[in-house]
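Read through the structure below, which is laid out as structure tokens, and then see the notes.
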Amino acid sequence: MNGMINTNTENNERGLLPYPIILAANKGEPEAMKVVVLHYGSYMTSLSMRKLRDEQGNTYWGIDEDTRDRLRSKLMQSVLAFKI
């Protein structure tokens, strides 16, 4: 993709990714894929929250890194496989 990718999605009321970003990510452009992953990062983090236990047996809410990594990987696979 030529030039800088505009990562500002705040101008869009619904926070949707611009079509050129999706198209570039679908074609395997690394910077565009990074924008897609960052766009959905907080959502993937919230889906990854689990009750965890520390060494003393205390329960707390934390991020299950394996779940977040799987979600990130599945998102990237889906973007690349999407038929445009």
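FYI, side chains are in, hydrogens and waters are out, and symmetry mates aren't considered; it's all heavy atoms of this structure.
Interatomic distance, Leu17 CG to Ile22 CD1, rounded to the nearest 0.5 Å: 5.5 Å. Rounding to the nearest 0.5 Å places CZ of Arg53 at 3.5 Å from OG1 of Thr59.
His39 places no side-chain N or O within donor-acceptor distance of the main-chain N or O of Leu16, the cut-off being under 3.5 Å.
No chain of hydrophobic side-chain contacts below 4.5 Å, direct or via other Ile, Leu, Val, Met, Phe, Trp or Tyr residues, connects Leu52 to Trp61. A continuous path of hydrophobic side-chain contacts links Val79 to Ile84 [ILVMFWY only; heavy atoms under 4.5 Å]. Under the 4.5 Å side-chain heavy-atom criterion for Ile, Leu, Val, Met, Phe, Trp and Tyr, Leu38 and Tyr40 are members of distinct hydrophobic clusters.
Residues that satisfy the side-chain contact (heavy atoms from CB on, under 4.5 Å) test with Leu71, not counting sequence neighbours, are Met44, Leu47, Ser48, Thr67. Scored by the side-chain contact (heavy atoms from CB on, under 4.5 Å) test, Ser42 finds no partners at all (sequence neighbours excluded). For Leu80, the side-chain contact (heavy atoms from CB on, under 4.5 Å) partners are Met33, not counting sequence neighbours. Take Thr45 and apply the side-chain hydrogen bond (donor to acceptor under 3.5 Å, both in side chains) test, not counting sequence neighbours, and it matches Arg68. Remark: Asn58 engages Asp54 in a side-chain hydrogen bond (donor to acceptor under 3.5 Å, both in side chains) (not counting sequence neighbours). With sequence neighbours excluded, the residues forming a side-chain contact (heavy atoms from CB on, under 4.5 Å) with Gln77 are Ser73, Lys74, listed by chain and number.
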Run the side-chain contact (heavy atoms from CB on, under 4.5 Å) check on Val36 and Ile21 step by step: do they pass?
CA-CA 8 Å; Val36 172; Ile21 298 290; 4.1 Å; yes

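Contact annotation: the side chain of Tyr43 never approaches that of Leu75 to less than 4.5 Å [non-hydrogen atoms, C-beta and beyond].
Across all non-hydrogen atoms, the minimal contact from Ala25 to Ala32 is N-CB, 3.5 Å.
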